[in-house]
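Below: the structure, in structure tokens.
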Amino acid sequence: MSKPVLEIRNLNVEYGLGDQAVRAVRDVNLTLHRGEVLGLAGESGSGKSTLAYGMTRLLPPPGVITGGQVLYHPEQGEAYDVLGLSDRDLRAFRWAETAIVFQGAMNSLNPVHKISTQLTDVLRAHRPEMSEAACNDRAREMLKLVGIAADRMDAYPHQLSGGMRQRVMIGMALILQPQVVIMDEPTTALDVVMQRQILSQLIELRERLGFSVVFITHDLSLLVEFSNRIAIMYGGRIVEEAPAAAIYRDSLHPYSKGLLGSFPALRGPRRELTGIPGSPPDLKGMPSGCSFHPRCPKAFDPCSGNIPVLGRPDTPDGPTRSVACWLHPTEQPVG
Amino acid sequence: MTIPTSSIEQVIPGQGSMAQPESGKPAKAKRQRFRFVTNKKAATGLIMLSIYVLFAIIGPWIAPYEPDARSNDLIQSPSGAHWLGTTHLGQDVFSQLLVGTRSVMFVGFVAGIVATVLSVIIGVTAGYLGGKTDEGLSALSNVFLVIPALPLIIIITSTLESAEDWLIALVIGLTSWSWNARVLRAQTLSLRRRDFVDAARATGEKTWRVIVFELMPNLTAVIASGFVGTVIFAVLSEITLAFIGVTSSTTWNWGTILFWAQGQQALAQEAWWWFIPAGLAIALLGTALSLINFGIDEFVSPRLRSVGKTKIKTVDGRTVRMRIGFTPVLSNSPAPHTQASPTPVVRKEVTQ
Amino acid sequence: MKYLLQRIAFYLFTAWAAITLNFFIPRMVPGDPVQALITKYQGQLSSQAIDSLYVLFGLDKDKSVWEEYVDYWSQLLHGDLGLSFTFFPTPVSEIISTSLPWTLLLVGITTIISFFLGTGLGVLAGWRRGSWADGLLPVTTFLSSVPYFWLGIIAIYLLTGPDSFFPSSGGFDNGLVPAWDQYFIPNALKHSLLPALTILISSVSGWILSMRNMMVTVASEDYITVAHAKGLSDRRVAMSYAARNALLPNVSGFALSLGFIVGGTLLVEIVFSYPGIGFQLFQALGAQDYPLMQGVFLIITISVLVANLIADVAYLLLDPRTRKEG
């Protein structure tokens, strides 16, 4: 496996302060390696989006980061903690090193400015030395890259279709050639055909340009198809992390199994859709022990009492994966 | 002739978000209504307003003098006998103020009720029925909205032979409903698309039942805010009418006091007690009503609440501010918060 | 373009409605105050002037309402608004044309300044929540509840006097003749300062508050988060993204509240005896000068409609979504 580009260490994110604070992300450890597509899956409320916004410090009030580090490894030079950057340095870091494609492309573009303005203002902020003409050329180049005719430069967002807007966002994300692109449910608002078209294009671009992707979605079947590794979140924690194929073939955590069972696979043999009984936990009143145990078909004694640690399971492919489940107790925690 | 819906929701500055009130479910309404009183702004406003209402009721009884009664103390500054001094005819300003409260509150509330009833009928009907009815009613309210209301009220009242309080209240109410009707129409439109209204309609409920039992409970906040807004406008209009002498100068309200003060050169005589208390009474009443409305606004759209705590201390003692775009980092120590059992956490080694 | 045409059609319709209202109001009046005035000025009125007043106030009992209505319109279109009784025998149209510029300059300029100033402060208060700008809010709430005219009275009481720089009334010193010269212009400016300040102080708070609320609402839009994620400067995110979008509803709000604002500012003219439309209305009220009252109401309404149309054009230029063809 290649070198890490982004390491999240014990990240904790809460909403609110003091007694009323709700812990949305709990001691999350996750490593993104250079050039890989890391999928992040979970039901709504599992903390996956909070994790993405938290590690980029984009979480709106009352969100606060109460602990942890986000280590970024630049191509050259020492790794540094993104959470420790000053506002000024953080601004310079944003988009140049990690760009984000947000949920709901409809609202991601400023409705009152032309596409060209929104593409070039990134360049003006990060590359003040670039000339007006060079900025426009670069913007046109990015549109071409994502398959949009250069004459749409002067279009306003409302004049573009949903798919085109999301393409513009992807083009915008790549304009500074970042090392990491975070995609938060980038295609949920689009129809299935458009979804696949855009994702295939993204994967192809990744192979060409070599950036890494954190791909967040509730649609595990999409992840199985498009990502190298998958991390599954539940109740603010990562409960299982493994190569995509391993998750698909034999996921170890009952929650991963349930999640897989609730989506039809687009390829491979047909399976019965099962779904998961019950509903995601309320972050305000988390169950004791493993937060999944009230919904877990295989829950037994230790589940309600102690929180299982994320560690290497006792399986042949153990070294490549980790799981937090009392069915697979571990002596080798990761973190 | 109608303005596109999108801009209608934006019509009322700061209330555009009302189109999506977070208090969506009817069942929750009761508990939230109770919570509204705990809003600091609203509570302050309500207390101030109830003092005014109290004086409107008992004012004429507790007034030390008849407001018209003349005396020999002409243009006296405040004293023990005349708390707020006297006028050019030796009338007691404090008594005029107390007696005048009733008329002001009466006109404010009656006009508010008339305008609110009209705006509910017109706004909700337009929003709920849609189509041609909506177009007609919207055009009507837009016309009333852009015609300057105060000059219109002045023209109408000046042609009335006897401008009594209830007549003035009626004129103000009949000319100032359009703003609320517009807001209500937009709000009804967005509610009509909601599931619970659809469900009620699908089960064959009569239109009036859907409106009264499904829509109205969810419009309460908007209606209340519209009512309070109209009361402010009505009070200011009535006082203005009295001040410029359109209405009778013998029924007392705060505008009448200012009318006489202005007419008798109170300024030139430095008789500040003659015009300052009346103006303050108006301003404080307006403030009370505005506070109630801020409370309602914040209740309907929680985003507007002034953020309770904006500055927080980090672990190493610095102060950071909560703001959009830069999530505060209270601590960036890599130690875990909860100890996962059973073994302590060891750093993962990167496997090549 | 379709949007603009729709708006123009709407304003024409509203103008028609206002004029029709103006036609009917005097006809519903019990008694004939105008008839009484005509009788009073019997010898001095030309027969043409009497005819014109008959048409305006519906005194001719032989005609049907429809015939009166047609006559009324033809008279209006000829610019005949009747004769003023206060300034007998000056035609109403002449009084209005001399006083309208005063109002347009005073109210127009101060309203625009107030809008921009309030919007600017509102941007600050909304963007930096919890900063000093939030402290302005209670003050502005109180100030916006003060009637314009009372604030004017206080301003006169506190700031004018024999030794003061500020004149307490009028639009210019008595000895001067209105002209565009170095004597008159500075003097007129000096006279307008205090009324302008009064209007400004009491109207600015509304804009601060509405813009603040819009900023707060807009700040949680996705495109603001994207702008932050792009690493743009705080200034650029605040102005080009947040304020630029928050301005849109504020502009349409501006158009719609013009009617309210104008009503309040007329009162300021009265307090300062400023020679504009509002002051004329006040004098007309005192003398029961119905032709002048009606004329003033019409001209105010039409000015507000024109201002609305201008605000609509501004909105059109600001929001690309309304600009689309079709």
Side-chain angles (χ1 to χ4, degrees), chain B residues 1 4 6-7 10-17 139 142-143 145-152 154-156 158-159 161 179 232-233 236 239-240 243-246 258 262 267 272 275-276 279 282-287 289-291 294 297 301 303-304 306-307 310-311 321-326, chain C residues 6 9-10 13-14 17-18 25-26 28-31 129-130 134 141-142 144-147 149-150 153-154 156-157 209-211 213-214 216-217 219-220 224-225 228 237 248-250 252-253 256 259-260 262-264 266-267 270-271 281-282 285-286 293-294 296-297 300-301 304-305 308 322:
Chain B
M1 203 126 297
S6 61
S7 70
Q10 301 165 339
V11 153
I12 314 302
Q15 297 185 1
S17 50
N142 287 341
V143 166
L145 198 56
V146 287
I147 293 182
L150 190 61
L152 180 63
I154 292 175
I155 295 288
I156 296 178
S158 69
T159 53
E161 246 172 40
W179 188 281
I232 299 178
F233 176 75
L236 284 179
I239 286 162
T240 303
F243 174 69
I244 57 177
V246 176
L258 293 172
Q262 172 84 349
L267 281 179
W272 55 267
F275 55 87
I276 285 186
I282 302 165
L284 287 175
L285 176 60
T287 308
L289 293 166
S290 302
L291 284 174
F294 293 162
D297 276 356
S301 122
R303 271 188 283 190
L304 296 178
S306 15
V307 265
T310 51
K311 291 191 175 131
R321 223 156 45 77
M322 280 232 187
R323 60 189 165 127
I324 289 175
F326 293 86
Chain C
Q6 264 181 353
F10 167 70
F13 175 71
T14 310
I25 290 171
M28 293 185 290
V29 184
R129 293 184 72 185
D134 262 7
T141 307
F142 180 77
S144 66
S145 310
V146 175
F149 64 86
W150 186 68
I153 296 178
I154 299 294
I156 294 173
Y157 178 64
L209 197 74
S210 70
M211 192 60 182
N213 285 356
M214 276 326 296
V216 171
T217 310
S220 47
I224 302 294
T225 312
H228 279 299
V237 182
L248 295 177
N250 226 28
S252 49
L256 289 170
F260 290 95
V262 166
L266 297 180
L267 270 289
I270 295 173
V271 172
L281 178 64
F282 178 60
L285 285 170
M293 274 189 245
Q294 304 266 309
V296 167
F297 171 68
I300 292 172
T301 307
V304 168
L305 293 185
N308 258 291
T322 50

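Throughout, protein chains are lettered first and strands after them, A, B, ... in sequence-line order, and every chain is numbered starting at 1.
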Exercise for the section: Please flag which part of C:I153 lies under 4.5 Å from any non-hydrogen atom of chain B: side chain, backbone, both or neither. Expected result: both
Problem - Region of B:L289 that comes under 4.5 Å of a non-hydrogen atom in chain C - result: neither
Problem - Intermediate values then yes/no, side chain to side chain contact (heavy atoms under 4.5 Å, CB included), B:I154 and C:F297 - result: CA-CA 9 Å; B:I154 292 175; C:F297 171 68; over 6 Å; no
Problem - Verdict with reasoning, B:L150 to B:T240, per side chain to side chain contact (heavy atoms under 4.5 Å, CB included) - result: CA-CA 9 Å; B:L150 190 61; B:T240 303; 4.1 Å; yes
Problem - Region of B:L236 that comes under 4.5 Å of a non-hydrogen atom in chain C - result: side chain
Practice task
Could you give me the CA-CA distance, side-chain angles and deciding distance for B:I239 and C:F149, then say whether side chain to side chain contact (heavy atoms under 4.5 Å, CB included) is met?
Solution key: CA-CA 10 Å; B:I239 286 162; C:F149 64 86; 3.7 Å; yes
Exercise for the section: Pick one of side chain, backbone, both or neither for B:I276, based on which atoms fall under 4.5 Å of a heavy atom in chain C. Expected result: both
Practice task
Could you pull out the closest heavy-atom pair between B:A283 and C:V146, with the gap in Å?
Solution key: CB-CG2, 3.6 Å
Practice task
Below 4.5 Å from any heavy atom of chain B, which atoms of C:Y157 appear? Answer side chain, backbone, both or neither.
Solution key: both
Problem - Engaged part of C:T225 at the chain B interface, taking heavy atoms whose separation is under 4.5 Å - result: neither
Exercise for the section: Please assess C:F13 against B:V143 for the test side chain to side chain contact (heavy atoms under 4.5 Å, CB included), listing each intermediate value before the final yes or no. Expected result: CA-CA 8 Å; C:F13 175 71; B:V143 166; 3.5 Å; yes
Handout entry: Per-residue contact mode, C:V296 against chain B (heavy atom under 4.5 angstrom)
Key = neither
Handout entry: Closest contact, heavy atoms only, B:P151 versus C:G263
Key = CD-CA, 4.2 Å
Exercise for the section: Report yes or no: does C:H228 contribute a side-chain atom to a donor-acceptor pair with the main-chain N or O of B:I324 at less than 3.5 Å? Expected result: yes
Problem - Portion of B:V146 that has a non-hydrogen atom of chain C nearer than 4.5 angstrom - result: both
Handout entry: Contacting region of C:V304 [heavy-atom separation from chain B under 4.5 Å]
Key = side chain
Completion exercise
Residue from C:P147, C:A18, C:A17 scoring the most non-hydrogen pairs under 4.5 Å with chain B is C:P147
